[in-house]
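These notes are about the structure you will find just below.
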Amino acid sequence: MSREMTGARIVIEALIEQGVDTVFGYPGGAVLPIYDALFQQNDIKHILVRHEQGATHAAEGYARSTGKPGVVLVTSGPGATNAVTGMTDALMDSIPMIVLTGQVPTFMIGNDAFQEADTVGITRPCTKHNWLVKDTSELAETIHQAFHIATSGRPGPVLVDIPKDVQFASAPYKTKAKAPTSHYNPQVKGDLAAITRAVEAFEQAERPIIYSGGGVINSGVGASQLLRELVAGSDAPITSTLMGLGAYPASGDNWLGMLGMHGTVEANLAMHDCDYMLCVGARFDDRITGRTDAFSPDSFKVHMDIDPSSINKIIHVDVPIIGDIGHILEDFLKVWKARGRKTKSAEIKKWWAQIKGWQATKCLDYRNSDELIKPQHALERLEALTKNMDRYITTEVGQHQMWAAQYLGFNDPHRFMTSGGLGTMGYGLPASIGVQVAHPDALVVNIAGDASFLMNMQEMGTAAQFNLPVKQFILNNERLGMVRQWQQLLHGERYSQSWSQSLPDFVKLAEAFGAKGILVSDPADLDEAIKEMLAHDGPVILDCLVEKHENCFPMIPSGKAHNEMILTDEETADAIDAMGKTRV
Amino acid sequence: MTLHLKKGSSRKSAYDLKNPLDEQLETHTLAVLVDNEAGVLARVIGLFSGRGYNIDSLTVAETDSKGHRSRITIVTTGTPAVIEQIKAQLGLIIPVYKVNDLTVDGPSVEREMALLKVAGKGEKRVEAMRLADIFRANVVDTTLESFIFEITGTPEKIDAFTDLMRPLGLVDIARTGVSALSRGL
């Protein structure tokens, strides 16, 4: 016999059954019955954020650092609309997330009631799927289905909109086992014939490259292990997208660094000149490909992806393999081993010699300074002082994000949380909170810019309330650095609205929130400041004043190909033509 | 520090054969089998508007009330790559069960129904009746000064009939959009 309970209690029961330990949320009128049920239980911890967008990014941080879905609970109307950015972010970066929203009672829907919004209508394009539950008896099964859809196939955000009368009314609770199963069961095993064709070409490759992405991380730790095994066994060079960093260790012998718009010379030129490209769980994003008609012109391309719509969307590939990366890699390795682990090792050695030549350009070198802290130097020092720690990094969006990807080394998956596809400024601080909640004893550092940090700085209140010792490492250039860089390159150095006037005193700001604030501006004091930040048991803002006009290089100017990178300020004149200016 | 690299694209670019501006546009008829749940049509048309695809015609109705299934028939135009992308994207929508491309899956029949109101007197009225006969259109309403014709056929047949009716006093037209099924089993 199923137990009869209120809709609000059903929500809690279903979350517990799904293994949820933490909910990020913010109460409001239409969701009060659920908050009341939350008050009367001890299984689920609720993290009270300061803005609903913060809840969504915190849930993303939680999800990306654990592999479990993040759960968000917000009210109707503005609660739901404030969550839209986070859901769009999660959709772009394939982060599993369940958003529960309150709604005005069913009999008031359509009346322009107080705090009413067409939540399922607004969020239809920014969720993988969403539901408006109009009957309490369907609530439990809908939540079970929501978890199934958020976590299977290509993960993503889902939303369940629950009117207030549905929360008050009672119905029998349906367990996961008794809930009707969904027809949604995406293919996880790759087609063996396609895998065999991919292996055959792999054996013949003279200049192979493995280009891995977020799909490896989403597939789980096992997929990263298989990827490492493949690289080690074949000696193929490997590069990765921003979302895939950590799947192959940055300390590994075959690592070329990140590729793409701000990728390394060796990664981008290897992509351009390779004769065999193995794309593992990446999607040929425009930040990766640059000019598509000049993208890796002479290569045989294999694309492994769980999402059939990613195949041939941007780049035409020779062998598509649809399925979960872990399963595909396992079969790929099996087939390759069974056929005798063949590679063209002599040619691959020659290929490595060519790559070593590119590596010798040392494209990440920069001019250091004794007077001003260079942002790259700040990150190198942070890396040196934290690299052996149990460390998680989040970032905001902009120059500092790219520098973090370039100068910090990620040796394990699930350690780097950043907003890749949507590029959401304000992501990093709440994401760091979500990560810290999931990993209370780990070091969590948010690499921030001064402008991005301000976008969700209210979440310092959350960090303080729950004593989450997140470290906010602000590379403060008093600019919107990436915008300024583009204006320098594209818009005749007319810096329209791209400087941060009236910045707060970040030390006082930290103190106002009950956190610790540290200011550093002299390169000589940098190490001490970082150590002080690391030593403090509580949230810290480290305001690191850096060179204001530093540009992020290498850079593939928009509209250009992988072999048309610019490496220094001196090369930037007329780097971007009229066609490139129309792109972002 | 300057790199001396060969500039520009080289031969055999992945997109050499696929310049979207040069590519021929194709018209395809897609049959999409969906769960008849709230918002499912909005999901489908939202996909088309959100990603900038064309809808030439769209029909939707429940086809299996017990199984809560509806069939959406969409006629769309795009380059082959876009058509493939449309099918893949439709397949990602959770309540979508099946996407059939009737244009490539084999022979199929396409039919559309239209109602045309034609007003006229004397010779024109007789001529309209005569043409309706030729096109096997039925008269479903008549007054002393007007007819409503019901015509079923391919969109091209309806276009042809409409063009003929225009000089004969066509007042109004309502078209259902295309319904289609594959031939045989």
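First the proteins, then the strands, lettered A, B, ... as listed; each starts at 1. These figures come from a predicted structure and were not determined experimentally.
- For E84(B), no part lies under 4.5 angstrom from a heavy atom of chain A.
- Distance check: Y184(A) OH to L92(B) CG gives 7.0 Å after rounding to the nearest 0.5 Å.
- Contact annotation for A38(B): neither backbone nor side-chain heavy atoms come within less than 4.5 Å of a heavy atom of chain A.
- For the residue pair R124(A) and A42(B), the shortest heavy atom distance occurs at NH1-CB, 3.0 Å.
- If you measure heavy-atom distances from V82(B) to chain A, you find no contacts under 4.5 Å at all.
- Looking at H183(A), its side chain never comes within 3.5 Å of a backbone N or O of P95(B) through a donor-acceptor pair.
- Counting only heavy atoms from C-beta outward, the side chains of Q85(B) and I314(A) never approach each other to under 4.5 Å.
- Within 6.0 Å of CE in M129(B) there are 12 or fewer heavy atoms belonging to other residues, nucleotides or ligands.
- Neither the backbone nor the side chain of D318(A) comes within less than 4.5 Å of any heavy atom of chain B.
- Surrounding NZ of K134(A) are at most 12 heavy atoms belonging to other residues, nucleotides or ligands under 6.0 Å away.
- For P125(A), no part lies under 4.5 angstrom from a heavy atom of chain B.
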